[in-house]
Amino acid sequence: MTSIQQSTLGLARISRLSIAVAVLAASLGARGDSAAAPALEPRVLGIEELFHLDQLPRLKSSIEVGCVSSWDRTGGNDDGFTGKYSFIRKEPDGLVIADLQGPGVIYRIHTPSPTDETIEFFFDGEAEPRISLKISELFDGHHAPFLAPLVGGGVGGRYSYVPLAYQKSCKVLVKTKTFHFYQINYARFPENCVLPSYTNPPSDDFMRGVEKAAALLRQTGADISSYLVPEGTHLETKTVNASLAPGNTVPLFESSNPGRILGLKVRPASALAGKDRAILIRMTWDGAPEPAVLCPAGDFFGASFGDPAVHSLLLGTSNDTDYAYFPMPYEHSARIELVSERTSGPAIEVQAQVTFAQLGKAADEGRFYAHWHRENPTREGIA
């Protein structure tokens, strides 16, 4: 796999943070003493979100997050195959596939079948499109600002993660009589949100944002801890060598001060692999009676059927080392442990490295949660 392919996989993982391992559970994480909470940098929207990973824990300010797609409105399987549900309305020039009201941002565009038909983006009710490209050109990586690795292809089709902001509205039209498969993900913000619309040609600031995001994505597999905190924040690292015997627990990190976890690496990854999923990772924030994270360690780092399977920006496996780079803020205490549910066999020798900063959870930040459920035998009718 090339570095560009790895980078694009990293970007795809950003938009699917809930994939098998992690959720920034904002709805559960807003409690706490706001008077003691640190002041963070102002919230950013649009292109800057792609490289300001320090803002991942921030509670979302949008009032609506949605997707316009070619799904079968009857609940059947005609999800774009005939094109019957692949547009909102017909206009003289073609098919309108999205008509979004602002302020808002289009964050992702996806299709498994790019064609040479023209796609146009009309901003704020204007009569002329600010973007007009062949659909294939939108994803080929050669037409600014739609440049690799923010656009590209992988399993499942072509994608663009170039954020397109609009203050009043954005209409997307395809010049064709029949269209098929597509998805457009967007967020809508409060009416008083000032969100300058995308300009054509893109501004210098916008293109600098594209370059910064691309540079970050090309670091897939590397330590990106410094991106998870405001610039200039002091980072600390703790290394632990531990022997985990069957039925035992070993601590990887413990703190009784405000802070946030930024990076976690555990090796050898092979020690955490296996379909039995008997080695768990457990994280507890702020003395809570229940852990915020409790799941097989391999699955937490993206394993599939017990084997390492992911190599992305935020989590995965590289050189027999599992890694995860999510900002995990806490108010006053944190504990990370490895737990063995094995009943026999030799102890496993592991080495862990935890990167953290003494920057406590802000009032408008959520906590990090990840849960996994095992039931054998399963019970009919019980989820």
Side-chain angles (χ1 to χ4, degrees), residues 11 15 42-52 60-70 86-111 114-148 150-151 158-176 179 182-214:
L11 184 54
S15 74
R43 192 187 306 272
V44 296
L45 295 174
I47 187 64
E48 291 189 50
E49 290 180 82
L50 293 184
F51 54 89
H52 269 284
K60 299 300 183 185
S61 60
S62 55
I63 59 175
E64 179 183 66
V65 175
C67 177
V68 184
S69 72
S70 50
S86 299
F87 60 93
I88 294 174
R89 65 177 182 270
K90 295 182 179 180
E91 292 189 353
D93 289 339
L95 304 176
V96 176
I97 64 172
D99 195 357
L100 307 173
Q101 300 307 301
V105 180
I106 292 175
Y107 283 105
R108 173 179 174 267
I109 304 170
H110 170 269
T111 181
T115 66
D116 285 338
E117 295 155 335
T118 299
I119 186 169
E120 296 182 332
F121 295 77
F122 297 80
F123 291 82
D124 301 337
E126 295 174 343
E128 297 296 323
R130 295 192 189 181
I131 300 173
S132 182
L133 291 170
K134 293 179 180 179
I135 298 174
S136 57
E137 293 175 337
L138 192 70
F139 305 105
D140 66 13
H142 301 301
H143 295 77
F146 302 99
L147 303 177
L150 276 68
V151 304
R158 297 281 179 167
Y159 55 80
S160 168
Y161 287 92
V162 176
L164 300 174
Y166 43 95
Q167 181 63 47
K168 296 179 180 178
S169 64
C170 184
K171 182 180 76 172
V172 185
L173 180 141
V174 179
K175 289 192 168 184
T176 183
F179 196 50
Y182 77 97
Q183 297 172 344
I184 297 176
N185 297 85
Y186 67 92
R188 185 164 64 92
F189 297 90
E191 290 185 4
N192 61 356
C193 176
V194 178
L195 194 57
S197 297
Y198 172 83
T199 60
N200 182 39
S203 68
D204 291 343
D205 283 344
F206 192 95
M207 291 309 302
R208 278 191 289 268
V210 171
E211 293 170 3
K212 288 181 179 180

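What you see below is based on every heavy atom in this structure, not just the backbone, and it leaves out hydrogens, waters and symmetry mates. Bear in mind the structure is a predicted one, so any value in this text is a computation, not a measurement.
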Within a strict 4.5 Å, meaning less than it, do heavy atoms of the [X] and [Y] side chains meet?
X: Thr115; Y: Thr176; value: no
X: Phe206; Y: Thr199; value: no
X: Gln167; Y: Phe123; value: no
X: Tyr166; Y: Ser197; value: yes
X: Tyr198; Y: Ile47; value: no
X: Leu147; Y: Met207; value: yes

Value rounded to 0.5 Å, distance of [atom1] in [X] from [atom2] in [Y]:
X: Asp204; Y: Glu211; atom1: CG; atom2: CD; answer: 9.5 Å
X: Leu95; Y: Ile88; atom1: CG; atom2: CD1; answer: 10.5 Å
X: Arg108; Y: Tyr186; atom1: CZ; atom2: OH; answer: 14.0 Å
X: Lys134; Y: Glu117; atom1: NZ; atom2: CD; answer: 11.0 Å

Shortest non-hydrogen contact from [X] to [Y]?
X: Ala214; Y: Leu150; answer: N-CD1, 3.8 Å
X: Cys193; Y: Pro103; answer: O-CG, 3.4 Å
X: Phe51; Y: Ala213; answer: CD2-N, 3.9 Å
X: Leu138; Y: Phe146; answer: O-CB, 3.4 Å
X: Ile119; Y: Val174; answer: CG1-CG2, 4.1 Å
X: Gly104; Y: Leu195; answer: O-CD2, 3.3 Å

Main-chain N/O of [Y] paired to [X] side chain as donor or acceptor, under 3.5 Å:
X: Glu48; Y: Leu45; answer: no
X: Ser136; Y: Pro114; answer: no
X: Tyr182; Y: Ile97; answer: yes
X: Glu49; Y: Arg43; answer: no
X: Asp124; Y: Lys168; answer: yes
X: Ser169; Y: Gly125; answer: yes

Could you go step by step and tell me if Asn200 and Arg130 meet the side-chain hydrogen bond (donor to acceptor under 3.5 Å, both in side chains) rule? CA-CA 6 Å; Asn200 182 39; Arg130 295 192 189 181; over 6 Å; no
Compute whether any side-chain donor of one residue and acceptor of the other, for Gln101 and Arg188, lie under 3.5 angstrom apart.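 Absent: no donor and acceptor within the cut-off.
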Could you give me the CA-CA distance, side-chain angles and deciding distance for Val65 and Tyr107, then say whether side-chain contact (heavy atoms from CB on, under 4.5 Å) is met? CA-CA 10 Å; Val65 175; Tyr107 283 105; over 6 Å; no
Pairing residues for Glu91 by the side-chain contact (heavy atoms from CB on, under 4.5 Å) criterion, not counting sequence neighbours: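 With sequence neighbours excluded, Glu91 shows a side-chain contact (heavy atoms from CB on, under 4.5 Å) to Arg89, Val96, Lys171, Leu173, given in chain and number order.
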Identify the residue among Val162, Val68, Ile184 that makes a side chain to side chain contact (heavy atoms under 4.5 Å, CB included) with Ile106.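 Only one of Val162, Val68, Ile184 forms a side chain to side chain contact (heavy atoms under 4.5 Å, CB included) with Ile106, namely Ile184.
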side-chain contact (heavy atoms from CB on, under 4.5 Å) for Leu164 and Ile131? Distances and angles first, verdict last. CA-CA 10 Å; Leu164 300 174; Ile131 300 173; 4.1 Å; yes
